[in-house]
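Below: one structure, written as structure tokens.
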Amino acid sequence: MRNIDLIAEESAIRHFGGRRGRLTVSELLIMVVLIILALAVVLPLLLPWFFVFKTRLEFSYNPWSLPKQISWTNFREAWIAIQIGQGLLNTLKVCVGAVLCTVPSAAMAGYIFAKYRSRWTEVAFYVVLMGYFVPVHMVLIPLYQLNTKFGLVDSMAGVFLPMTAFGIPFWTIIYRSFFRSLPDDLAEAAKIDGAGHFDVFLRVMFPLAKPATVLAVLLVFIGAWSDYLLSLIMINNQRLFTMQLRIAQFMNAYGVDHMPRYAAAAVIAAAPTLILYIVGHRWILRGTLAGALKG
Amino acid sequence: MKSSVDAAPMTLAATHDGRRKKRLDYRRLLFQIVFLLPAVGFLVVFMFYPIEETFRTSMMQTSALSPPTFIGFENYQRLFASAEFRKGLANVLAWAFWSVVIQIPLAFFIAFSLVAYSNRLTSKLRVIYYMASIMPSAIVAMLGRFIFAPRFGVISTIAQRFGWAWLQNVDFLGDPNKVFWSLFAIATWAYIGFGIVYLMANIEQIPMEIREAAELDGANRLQYALYVVLPMVSYPIRILAIISTVGSLKLFDVPYLMTGGGPVYYSTTLAIILYKQGFVNWRYGRAAAVGVIIFLLSLAFSIAQFSMQRKGGELD
């Protein structure tokens, strides 16, 4: 009796690895639902292609037919209107600025909080931790006044410096927990060899924290890439518009009445992010997971 | 300093040692200060000082013509008296509620299914589900208008194609009763990817043996999902709930870009009101008061998150 049970159990375990070849109805149903939901995610990015090659007239008669001819006029017009090249360049400046300011500051602070623990560094850590709870939305008015005072309105620094301040708390927490997981032996060995505090950090500890640094660089970059609110407030000069501001400007100026051109603009607007994701999706997913599990 | 230490008589070796130790500590302290300086500097200049200024400004009457004058809580009273602010507050709270009730169960369903039925296809699906989440909100809003635009939008043209008159002339973004749900649908599309990826990571960490034990006890997949997996990821689900609640309070980009808070103020949010008061009407005092309200509400939710983390023992 027991033996029979065991055999049944074994087959249950084997089944659980995935019944190849013979899908049950419920499995099939769930796979279909999953695929439909995945299509729902992709479709808004694919559908514009139905429209982009059509003239306005052709679109209003036959929006969903295949285009009669491939015309690049919509793309050309949208390209000129949306100025994606210049916007991309400005966005990249914000991204690089945010990464260069956030990552070293957070790494240094996290290192102190992890390896130089004392009563006063603990107090300092809680002060930094408090910053984690502050939404940037709260302080937009004083930030704008501050940037006016510093002459930072209409400059990329006016966007990425506040962004840095609001990114530092989270990354300090991540770096702190990462440095705490590193053993002290290596640092001690380097100290015996006569290395100072700074050398130990720069030559030994910071290189060891590379996984945290990769994560921070990636996610700070993506955060800066997606920003809309801060650039909306800090930047008025069109030549300094970031990609997101250009997209918003296009939406407001041209609207959806000329749908083929709007669709072409949507394709152009989404392209840089899509390329970024296709190239880096492994890193982005892994980074998000690591960040999510830690944070 | 150095020469004076060197000059200390050998007979006072003890004091000499003490002084040396003190000097080393001093260097250590200097190192700590230098290393904390950038982070603390950024925080003080761009966060703590602005916070203080926000609280101060929220008590002020500001106008372009006269210097700010202290008016106590009048800005707050005016806000709560205005129908627009109450609608904005109601919108973000409803948004928070529905994102917990709709988005999290959906994310759990997808995450569980992707893990439980893992095969070659599902690993690709995970990449696809996260794709929308990486899109900047400007693009999300752009695609949202593309779908919901009256007459020329995707839904409208599909309805025309099939002759569905009831759907053809629905104004998804202009009808006060529909605009909330249109925006919510787009936001669900955009933001559910994070929930899926986050829950998947947690479900994948459940040891195989537990699943095998459940199978041995004769549990089917639905029972396994509801009675085994769900309780085991209740902590990440709570965290996710807090993240989406706090995110709702800060909601700005997608509604602002798709409707500007309209029609009238039916899709407005706290952050949109703050932006309009501050940077369109130039009423800094009123805008700062909205900022304080956003801060206090998100602080309350964040403290809830923090205490949960403490309880979960996952901090550090």
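Small disclaimer: the values here were computed from a predicted structure and weren't measured. Lettering follows sequence order; numbering is per chain, from 1.
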Which atoms of B:Ile158 approach chain A - backbone, side chain, both or neither, heavy atom under 4.5 Å: both

Gap separating the CE atom of A:Met138 from the OG atom of B:Ser58, nearest 0.5 angstrom: 8.0 Å

Atom pair CG (B:Leu114) and CE (A:Met31), whose distance is rounded to the nearest 0.5 Å: 8.0 Å

Heavy-atom contact with chain B under 4.5 Å, split by part of A:Ala266: both

Under 4.5 Å from a heavy atom of chain B, the part of A:Leu161 involved: both

A:Ile112, part contacting chain B, at a heavy-atom distance under 4.5 Å: side chain

Region of A:Ser181 in contact with chain B, defined by heavy-atom distances below 4.5 Å: neither

Chain B contacts, top residue of A:Ala40, A:Ala265, A:Pro48, A:Pro169 (heavy-atom pairs, under 4.5 Å): A:Pro48

Check: B:Leu36 and A:Phe125 side chains under 4.5 Å, non-hydrogen atoms: no

Under 4.5 Å from a heavy atom of chain B, the part of A:Leu245 involved: neither

Engaged part of A:Ile222 at the chain B interface, taking heavy atoms whose separation is under 4.5 Å: side chain

Non-hydrogen atoms of A:Tyr262 and B:Ala141 that approach each other most closely: OH-O, 4.4 Å

Part of B:Phe252 within contact of chain A (heavy atom distance under 4.5 Å): side chain

Taking every non-hydrogen atom, the tightest pair across B:Ser298 and A:Phe133: OG-O, 4.2 Å

Pairwise distance CD(B:Gln32) to OH(A:Tyr111) - rounded to 0.5 angstrom: 10.0 Å

Nearest-0.5 Å distance, CE of residue B:Met200 to CG of residue A:Leu285: 9.0 Å

Nearest non-hydrogen partners of B:Pro136 and A:Ser226, listed with the distance: CB-CA, 3.8 Å

Taking every non-hydrogen atom, the tightest pair across B:Leu143 and A:Pro44: CD2-O, 3.3 Å

A:Tyr228 OH to B:Ile139 CD1 distance, which is reported to the nearest 0.5 Å: 13.0 Å

Minimum heavy-atom distance between A:Met251 and B:Met142, given as atom pair plus value: SD-CA, 3.5 Å

Portion of B:Ile51 that has a non-hydrogen atom of chain A nearer than 4.5 angstrom: both

Which atoms of A:Tyr277 approach chain B - backbone, side chain, both or neither, heavy atom under 4.5 Å: side chain

Top of A:Val42, A:Val128, A:Ile233, A:Leu146 for chain B proximity - count of heavy-atom pairs under 4.5 angstrom: A:Ile233

Spatial distance of atom CG (B:Leu257) from atom CD1 (A:Ile247) [nearest 0.5 Å]: 9.5 Å

Close aromatic pair by centroid cut-off 6.0 Å: A:Tyr144 and B:Phe279: yes

Residue part contacting chain B, namely of A:Val136, when any heavy atom lies under 4.5 Å: neither

Close aromatic pair by centroid cut-off 6.0 Å: B:Phe31 and A:Tyr116: yes

Shortest non-hydrogen contact between B:Lys250 and A:Pro135, atoms and distance: CD-CB, 3.3 Å

Side chain / backbone / both / neither for B:Phe55 at chain A, heavy atoms under 4.5 Å: side chain

Heavy-atom proximity to chain B below 4.5 Å, by part of A:Leu47: both

Side chain to side chain, B:Tyr275 and A:Leu232, heavy atoms closer than 4.5 Å: yes

Side-chain touch A:Phe150/B:Val45, heavy atoms, less than 4.5 angstrom: yes

B:Thr54 and A:Ile141, any side-chain heavy atoms less than 4.5 Å apart: no

Contacting region of B:Leu125 [heavy-atom separation from chain A under 4.5 Å]: side chain

Close aromatic pair by centroid cut-off 6.0 Å: B:Phe35 and A:Phe201: yes

Ring center gap for A:Phe166 and B:Phe42 short of 6.0 angstrom: no

Under 4.5 Å from a heavy atom of chain B, the part of A:Ile168 involved: side chain

Residue pair B:Phe152 / A:His258, side-chain heavy-atom distance below 4.5 Å: no

Contact origin within A:Asn147 toward chain B - heavy atom pairs under 4.5 Å: side chain

Any side-chain heavy-atom pair of A:Ile30 and B:Phe109 under 4.5 Å: yes

Validation row: B:Pro38, A:Met108 side chains within 4.5 angstrom (heavy atoms): yes

Side chain to side chain, B:Phe295 and A:His137, heavy atoms closer than 4.5 Å: no

Side-chain donor/acceptor of B:Tyr49 to backbone N/O of A:Leu143, under 3.5 Å: no

Side chain B:Trp189, main chain A:Val41, donor-acceptor under 3.5 Å: yes

Portion of A:Met259 that has a non-hydrogen atom of chain B nearer than 4.5 angstrom: side chain

Contacting region of B:Ala190 [heavy-atom separation from chain A under 4.5 Å]: neither

